[in-house]
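Note sheet for the following structure.
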Amino acid sequence: MSKLETIQGVAFDLDGTLVDSAPGLTAAVDNALYALELPTAGEERVITWIGNGADVLMERALTWARQERASLRKTQGKPSVDHSDIPQEEQLRVLRKLFDRYYAEFAEEGSYLFPAVAETLSALHAKGLPLGLVTNKPSPFVAPILDALGIAKYFSVVIGGDDVENKKPHPDPLLLVAKKLGVAPEALLFVGDSRNDILAAQAAGCCSIGLTYGYNYGEAIADSNPDFVFDSFNDLLPALGLPHSEIQEVKND
């Protein structure tokens, strides 16, 4: 793993990498859809829409819900289009506002750390590696989730979806976090779970690790050609040179 020997800082994606946020996101999406009398999607489907920020999430939700409702109306012998609907563009604007309202309610209680995340971040932080976070999630929701899960203290830089003009897979968020961490892009390791994460890292010139357990539109993360593929979050520890005895202590805390 020679590429990892020159790493001077590590940045992480949030949803699907550190945090299982699907329950909270699903609750917000489904409540927003229900408020507009549209079919609700359920977690299995919402997971396939996560990764490009809230605007794209709600575009995907509305597109699916309108198609689903059209199919249901057709089976009922009704016209596929309900002409009493407000225009789709206006519907999307309302849906996006509803999502923000409901996600403010569900974000913290509907987000859970994946196994070994807290322990691994603690060990990396103790090693002296500067750590950053880069997420497409709307910025106002990020800090409350990190605080609620007890991991905010590990990150010296946090970049949310509203902090940059271009979200991942554009390289700008990673170039910004590298600059703020004080490391060159080629000395930054980015850890994520989706093709957007890997594409952003590749475009920024960063080393990348793809995690197999997250949200990646139903695709294998290996298909995006990250530099390394890990099945478990704490695989980072030996990869970054943490002694095995230290790993054992972290696991037993």
Side-chain angles (χ1 to χ4, degrees), residues 1 3-4 7 10-29 41-53 56-57 60 106-125 129 131-137 141-142 145-146 148-151 154-155 161 167-169 173-174 188-202 206-240 242 247-248 250-251 253:
M1 293 192 177
K3 281 190 176 183
L4 297 177
I7 293 303
V10 187
F12 301 88
D13 172 54
L14 182 62
D15 296 339
T17 297
L18 305 179
V19 175
D20 180 5
S21 54
L25 288 168
T26 300
V29 169
E43 186 171 317
E44 187 175 343
R45 184 170 284 107
V46 170
I47 283 174
T48 68
W49 300 335
I50 296 172
N52 295 87
V56 176
L57 172 64
R60 290 168 175 160
F106 296 116
E108 294 175 39
E109 66 182 60
S111 299
Y112 308 90
L113 290 178
F114 282 114
V117 165
E119 299 89 344
T120 301
L121 291 176
S122 177
L124 294 175
H125 186 263
L129 275 172
L131 305 180
L133 183 82
V134 181
T135 175
N136 287 344
K137 185 185 290 294
F141 298 118
V142 178
I145 290 174
L146 297 180
L149 296 174
I151 58 172
Y154 299 125
F155 301 107
K167 298 179 178 67
K168 298 176 295 180
L174 270 64
L188 178 70
L189 171 64
F190 190 57
V191 182
D193 69 293
S194 81
R195 64 172 182 257
N196 288 327
D197 299 321
I198 307 309
L199 288 170
Q202 291 167 343
C206 303
C207 183
S208 62
I209 289 176
L211 298 169
T212 60
Y213 58 75
Y215 317 139
N216 190 33
Y217 318 107
E219 303 171 6
I221 192 64
D223 293 346
S224 297
N225 297 311
D227 292 295
F228 306 97
V229 177
F230 290 169
D231 294 323
S232 302
F233 192 77
N234 59 2
D235 288 342
L236 282 166
L237 296 176
L240 291 171
L242 204 62
I247 298 171
Q248 291 302 114
V250 167
K251 285 182 177 178
D253 278 351

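Please read these numbers as outputs of a predicted model, since none were measured by experiment.
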Worksheet item: Does the pair Asp13 and Lys168 meet the rule for a salt bridge (Lys or Arg N to Asp or Glu O under 4.0 Å), with working shown?
Response: CA-CA 10 Å; Asp13 172 54; Lys168 298 176 295 180; 2.8 Å; yes
Worksheet item: Where do Leu25 and Leu57 land on the side chain to side chain contact (heavy atoms under 4.5 Å, CB included) test, with the steps shown first?
Response: CA-CA 9 Å; Leu25 288 168; Leu57 172 64; 4.2 Å; yes
Worksheet item: Going through the distances and angles, do Asn52 and Arg60 end up as a side chain to side chain contact (heavy atoms under 4.5 Å, CB included)?
Response: CA-CA 10 Å; Asn52 295 87; Arg60 290 168 175 160; 3.0 Å; yes
Worksheet item: When you look at Asp20 and Tyr213, which way does the side chain to side chain donor-acceptor pair (under 3.5 Å) test go after all the steps?
Response: CA-CA 10 Å; Asp20 180 5; Tyr213 58 75; over 6 Å; no
Worksheet item: What do the steps show when you test Leu211 against Val229 for side chain to side chain contact (heavy atoms under 4.5 Å, CB included), and what is the final call?
Response: CA-CA 6 Å; Leu211 298 169; Val229 177; over 6 Å; no
Discussion item. Walk me through whether Asn234 and Thr120 qualify under side chain to side chain donor-acceptor pair (under 3.5 Å).
Written reply: CA-CA 6 Å; Asn234 59 2; Thr120 301; 5.1 Å; no
Discussion item. What verdict does the side chain to side chain contact (heavy atoms under 4.5 Å, CB included) test give for Leu237 and Leu124, after you've listed the backbone C-alpha separation in whole Å, the side-chain angles of each residue and the deciding distance to 0.1 Å?
Written reply: CA-CA 7 Å; Leu237 296 176; Leu124 294 175; 4.0 Å; yes
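The minimum heavy-atom distance between Asp227 and Cys206, with the atom names listed, is OD2-O, 4.0 Å. The nearest pair of heavy atoms linking Thr48 to Tyr217 is O-CD2, 3.2 Å. For the pair Val134 and Ala11, the tightest heavy-atom approach, listed with the atom from each and the gap, is CG2-CB, 4.4 Å. The minimum heavy-atom distance between Tyr215 and Ile50, with the atom names listed, is CD1-CG2, 3.6 Å. Between Ala41 and Val46, the shortest heavy-atom distance links the atoms CB-CG2, 4.0 Å. Considering all non-hydrogen atoms of both residues, Ala239 and Phe230 come closest at CB-CZ, 3.7 Å.
Taking 4.5 Å as the limit, every side-chain heavy atom of Val56 sits out of range of all side-chain heavy atoms of Lys167. Considering only heavy atoms from C-beta on, Leu149 comes within 4.5 Å of Val19 through its side chain. For the pair Pro23 and Tyr112, the minimum side-chain heavy-atom distance is below 4.5 Å. With a 4.5 Å cut-off on side-chain heavy atoms, Pro169 and Arg195 do not count as touching. Contact annotation: the side chain of Leu146 never approaches that of Tyr154 to less than 4.5 Å [non-hydrogen atoms, C-beta and beyond]. At least one side-chain heavy atom of Leu129 sits under 4.5 Å from a side-chain heavy atom of Leu240. At least one side-chain heavy atom of Phe190 sits under 4.5 Å from a side-chain heavy atom of Asp197.
Residue Thr26 holds its OG1 atom at 9.0 Å from CH2 of Trp49, rounded to the nearest 0.5 Å. Atom CG in Leu133 sits 5.0 Å away from atom CG in Leu14 (nearest 0.5 Å). How far OG of Ser208 is from NZ of Lys3: 7.5 Å, rounded to the nearest 0.5 Å. Note: Leu189 CG to Ile209 CD1 = 4.5 Å, rounded to the nearest 0.5 Å. Atom CG of Asp15 sits about 10.0 Å away from atom OG of Ser194, to the nearest 0.5 Å. Note: Ser111 OG to Lys137 NZ = 6.0 Å, rounded to the nearest 0.5 Å.
Ring geometry for Phe155 against Phe12 counts as perpendicular: the plane angle is over 60°, on a 0 to 90° scale with 30° as the lower cut.
Judged by distance alone, the side chain of Glu43 and the main-chain N or O of Gly24 form no donor-acceptor pair under 3.5 Å.
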